[in-house]
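Here's the structure we're looking at; comments come further down.
As the structure is a prediction and not an experimental result, all values here were calculated from the model. In what follows, every heavy atom counts, from backbone to side chain, and hydrogens, waters and symmetry copies are set aside. By convention here, the first residue in the shown sequence is residue 1.
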Amino acid sequence: QVQLVESGGGLVQAGGSLRLSCAASGISFAIHDMAWHRQAPGKQRELVAAITRGQSTNYADSVKGRFTITRDNAKNTLYLQMNALKAEDTGVYYCYSMRNGYWGQGTQVTVSS
């Protein structure tokens with residue numbers, strides 16, 4: 001059974017930082033290209049950052065220079081380090097496996113201005 005379990009969300013003031021984690025099980029994590037998406041209230045889900053199995057990364061323009069996506073294949077875990085958070089970063093953040101289309105349940109990030 002595939003499980004992607006996000007954690008690390010919460011309430012933070014603008015300018016602050018959070019680190020999201022996504023623990024994967026039931027998949028061969030090391031061979032999966034992975035991504036973080038987010039969905040703000042009333043908006044469509046959007047790609048935030050992605051990382052290939054070869055460690056290549058790409059980011060949405062809105063988060064470049066502030067967010068960093070990494071992975072630890074030994075721990076089957078995906079991370080998203082978020083710095084200099086803005087109110088517009090508020091939303092539910094989802095872990096996503098691009099190989100098979102698996103989604104996590106999401107973790108709420110709220111940035112107060």
Cluster overlap [X] with [Y], hydrophobic side-chain contacts below 4.5 Å:
{"X": "I51", "Y": "M98", "answer": "no"}
{"X": "L18", "Y": "Y79", "answer": "no"}
{"X": "F67", "Y": "V92", "answer": "no"}

*asked:* Would W36 and I69 count as a side-chain contact (heavy atoms from CB on, under 4.5 Å) here? Give the steps.
replied: CA-CA 8 Å; W36 288 98; I69 187 171; 3.6 Å; yes

_Keeping E6 on the side-chain end and T107 on the backbone end, is there a donor-acceptor pair under 3.5 Å?_
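No, the answer is negative, given that no donor and acceptor are paired below the 3.5 Å cut-off.
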
*Is a side-chain donor or acceptor of S97 paired with a backbone partner of Y102 at a separation under 3.5 angstrom?*
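The answer is no, because no donor-acceptor pair under 3.5 Å joins these two groups.
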
*asked:* Please tell me whether T57 and Q55 have a donor and an acceptor in their side chains that are separated by less than 3.5 angstrom.
replied: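 T57 vs Q55: no donor-acceptor pair found between side chains.
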
_Testing the 3.5 Å rule here: is there a donor-acceptor pair between the side chains of D33 and T52?_
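Result is no, nothing qualifies.
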
*What's the verdict on side-chain hydrogen bond (donor to acceptor under 3.5 Å, both in side chains) for T110 and Q108, showing C-alpha distance, side-chain angles and the deciding distance?*
CA-CA 6 Å; T110 303; Q108 176 70 45; 3.3 Å; yes

*Determine, step by step, whether D72 and T77 satisfy the side-chain hydrogen bond (donor to acceptor under 3.5 Å, both in side chains) criterion, reporting the C-alpha distance in whole Å, the side-chain angles of both residues, the deciding distance to 0.1 Å, and the verdict.*
CA-CA 5 Å; D72 185 336; T77 303; over 6 Å; no

*For residues W103 and Y96, establish whether the separation of their ring centroids is below 6.0 Å.*
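Yes, ring centres under 6.0 Å apart.
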
*asked:* Is there a side-chain contact between V111 and L11 in this structure, where contact means two heavy atoms from C-beta onward sitting under 4.5 Å apart?
replied: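 V111 does not reach L11 side chain to side chain.
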
*Is M34 close to L4 at the side-chain level, that is, under 4.5 Å between some pair of heavy atoms?*
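They are in contact (side-chain heavy atoms under 4.5 Å apart), so the answer is yes.
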
*asked:* Test of understanding: with side chain to side chain donor-acceptor pair (under 3.5 Å), list the residues that count as partners of N76, not counting sequence neighbours.
replied: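 Applying side chain to side chain donor-acceptor pair (under 3.5 Å) to N76 gives none.
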
Please name the pair of heavy atoms, one in [X] and one in [Y], separated by the smallest distance, quoted to 0.1 Å.
{"X": "H37", "Y": "R45", "answer": "CB-CG, 3.8 Å"}
{"X": "T90", "Y": "A40", "answer": "O-CB, 3.6 Å"}
{"X": "I27", "Y": "A24", "answer": "CD1-CB, 4.0 Å"}
{"X": "C95", "Y": "L78", "answer": "SG-CD2, 3.8 Å"}

*Looking at CG of L85 and OG of S112, how far apart are the two atoms once the value is rounded to the nearest 0.5 Å?*
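Between atom CG of L85 and atom OG of S112 there are 10.0 Å.
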
*Is there a side-chain contact (heavy atoms from CB on, under 4.5 Å) between M82 and Y93 once you walk through the steps?*
CA-CA 11 Å; M82 305 187 295; Y93 283 70; 3.8 Å; yes

*Within 45° of the axis and under 6.0 Å from the centre of the six-membered ring of Y94, does NZ or CZ of R38 qualify?*
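No cation-pi geometry.
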
*Charged N to carboxylate O below 4.0 Å: is that the case for D89 and K86?*
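The answer is no: the pair does not qualify as a salt bridge.
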
*Just one of V109, L20, V63 clears the side-chain contact (heavy atoms from CB on, under 4.5 Å) bar with L80, so which one?*
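So the option named by the test is L20.
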
*For the pair Q81 and S17, evaluate side-chain contact (heavy atoms from CB on, under 4.5 Å) and give the outcome as yes or no after the intermediate values.*
CA-CA 8 Å; Q81 178 67 44; S17 297; 4.0 Å; yes

*Given side-chain contact (heavy atoms from CB on, under 4.5 Å), test R53 with F29 step by step and report yes or no.*
CA-CA 9 Å; R53 60 183 183 178; F29 180 77; over 6 Å; no

